[in-house]
2 protein chains.
Amino acid sequence: MANSTLSRKIANTLSEEILKGELSPGDRLDEQSLADRFEVSRSPIRDALRELASTRLIEHQPRRGFAVATIDTATLRNLYEASGELEGLCAKYCALRADAVQREHIRMLHEQGLEAIRLHDMAAYAEANHALHRAIYDACHNDALRDITLDVRNRLSMFHARFLFSEGRVAQSWEEHQEVVDCILRNDGDGASDAMKRHVAKTAVNIISHITQDSRKPMRQPLTT
Amino acid sequence: MANSTLSRKIANTLSEEILKGELSPGDRLDEQSLADRFEVSRSPIRDALRELASTRLIEHQPRRGFAVATIDTATLRNLYEASGELEGLCAKYCALRADAVQREHIRMLHEQGLEAIRLHDMAAYAEANHALHRAIYDACHNDALRDITLDVRNRLSMFHARFLFSEGRVAQSWEEHQEVVDCILRNDGDGASDAMKRHVAKTAVNIISHITQDSRKPMRQPLTT
DNA sequence: TATCTGATTATTGTACGCAATAATGGGAGA
DNA sequence: TCTCCCATTATTGCGTACAATAATCAGATA
């Protein structure tokens, strides 16, 4: 990390802030303001913004600058549909190909989710949830598929960063994970795929209902304030 | 197009050159050389390169610059596996959701492929082939899935831009398309998906054997000459 | 001869300034 | 009061210069 460039560090910082929800969809990313904030010139800022744009966490329009990505409900549904299929594929290949160490790791992360629920620690559950999904991607033994799936997950997660799971939803989520993990541990590829698709679909319904009824801040707002 | 920026035009130009095979994997993209060639300063070149990097057609390493993306055979197989799954998904949703106009368009593009074969025009077949696949993505009614699938297709196509299909392979390819199109026209989602996955798998075998036996120019060469 | 080291060169990273374009705001007319 | 138009302002696009780092090469030593 020490030999990295300024622009890359800035891109990483902004990426984290977007994923954490500290920056909201539609927020404009003014080059000069960012330059002032990071105490650098506009040059590394421009590089960082273009690098970030490649993840689609921010959007660029020529001569109008960058803004944190917005989304409409139709695209949100499309992304969740794609995510379900992709996560299902990862789960399938994971069930068919994961080695013993990877399977044990997945089992352990699933346990950590249960522990988080026992402690009523929703943030810890969110973290365990993310780690479990990533472990499944990693164990699918296809880096290209893993990268694509993770990109979609990140694009989605920025839109519900501010919604914490309810305790009820968390318990349900863990049960759905249970099915996925069971299938993976017994090498049932199709079962794992189906279970994962169901899990993502239920998450989608949950999140979309939260977002659509949350009208404090519309998701699709024009670039200009 | 007229109100676009220099950097975007340059990015488009370079993208086309890579997809056409005029630039080869591993070719370094020197900022000053490109600036001289396009008769601009390095600024729009830098912007264009970072924009291009988002498609993964070129790769960037800090302080070592950009180069046309290279690939090893393992990653190539992974990409084809992902491509097969994604194209299969597009075909499935296309079969289930395409409207009458889209179905007719797909049927017509498939006919054009046959016409190209009759004329022994391999370039025309390649074009019809690409158009058919794109029409299927478009008709899947999920823009996110379409974009992801197209990106993977482009990443793959740059590696076999220089290999023209043999007449034998083209005939076989058309037959495989026939199965896909048949399923789509009769709303058979699973059949379309399976047929498309088989088609991509056969293409993969064909291309990979071409590439691996073509040792004139290794695909994975270090950035430094 | 091969390898290591230090100086030199080439290339990218960053800063800064001007130009071009878009956003903003105020005044005139209806 | 509302709308349109023009001047003003703010922001991005592009050019240029310098700094920092990596690549290259020559010479010394084993």
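By convention in this document, chain letters (A, B, ...) are assigned in the order of the sequence lines, proteins followed by strands, and residues within each chain are numbered from 1. Quick caveat: nothing in here was measured; it's all calculated off a predicted structure.
- dG13(C) atom P lies 10 Å from atom CG of Leu49(B), rounded to whole Å.
- Rounded to a whole Å, the CZ atom of Arg28(B) is 9 Å from the C1' atom of dA23(D).
- Side-chain proximity of Arg63(B) to dT21(D), dT11(D), dA15(C): nearest is dT21(D).
- The closest donor-acceptor contact from the side chain of Ser83(B) to the backbone of Tyr80(B) lies at 3.5 Å or more, if one exists at all.
- The side chain of Arg64(B) has dA23(D) as its nearest neighbour among dT12(D), dA23(D), dC14(D).
- Mapping Arg42(A) and Glu31(B) onto DNA chain C via the closest heavy atom, the residue that lands nearer the 5' end is Glu31(B).
- Checked against dT11(D), dG15(D), dC14(D), the side chain of Asp30(A) finds its nearest nucleotide in dT11(D).
- For the pair Met196(A)/His133(A), a side-chain contact is recorded, criterion being any heavy-atom separation below 4.5 Å from C-beta on.
- Across the protein-nucleic acid pair, Leu34(B) atom CG and dG15(D) atom P stand 14 Å apart, rounded to whole Å.
- Under 3.5 Å, the side chain of Ser43(B) and the base of dG15(D) form at least one donor-acceptor pair of N or O atoms.
- Rounding to whole angstrom units, CD1 of residue Ile10(A) and P of dG13(C) are separated by 13 Å.
- Nucleotides of DNA chain C nearest to Pro62(A) and Pro44(A) differ in position, and the one nearer the 5' end is that of Pro44(A).
- When heavy atoms are screened at a 4.0 angstrom cut-off, Asp47(B) is found touching no nucleic acid atom at all.
- Ring geometry for His199(B) versus His177(B): interplanar angle over 60°, hence perpendicular rather than tilted (30 to 60°).
- Thr149(B) places a side-chain N or O within donor-acceptor distance of the main-chain N or O of Leu145(B), the cut-off being under 3.5 Å.
- Atoms CD (Gln32(B)) and P (dT16(D)) sit 10 Å apart, rounded to a whole Å.
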For this session: Test Asp147(A) against Arg56(B) for salt bridge (Lys or Arg N to Asp or Glu O under 4.0 Å), laying out the working first.
Result: CA-CA 12 Å; Asp147(A) 292 347; Arg56(B) 304 196 62 166; 3.6 Å; yes

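- Separating the CZ atom of Arg46(A) from the P atom of dC16(C) is a distance of 16 Å, rounded to the nearest angstrom.
- Regarding contacts with the backbone of dT14(C), a side-chain N or O of Ser7(A) is found under 4.0 angstrom from either OP1 or OP2.
- His60(A) has no side-chain polar atom (N or O) that falls below the 4.0 Å cut-off from OP1 or OP2 of dT11(D).
- We find that CD1 of Ile45(B) is positioned 9 Å from P of dG15(D), with the value rounded to whole Å.
- Whole-Å rounding puts the Glu51(B) CD to dG13(D) P distance at 10 Å.
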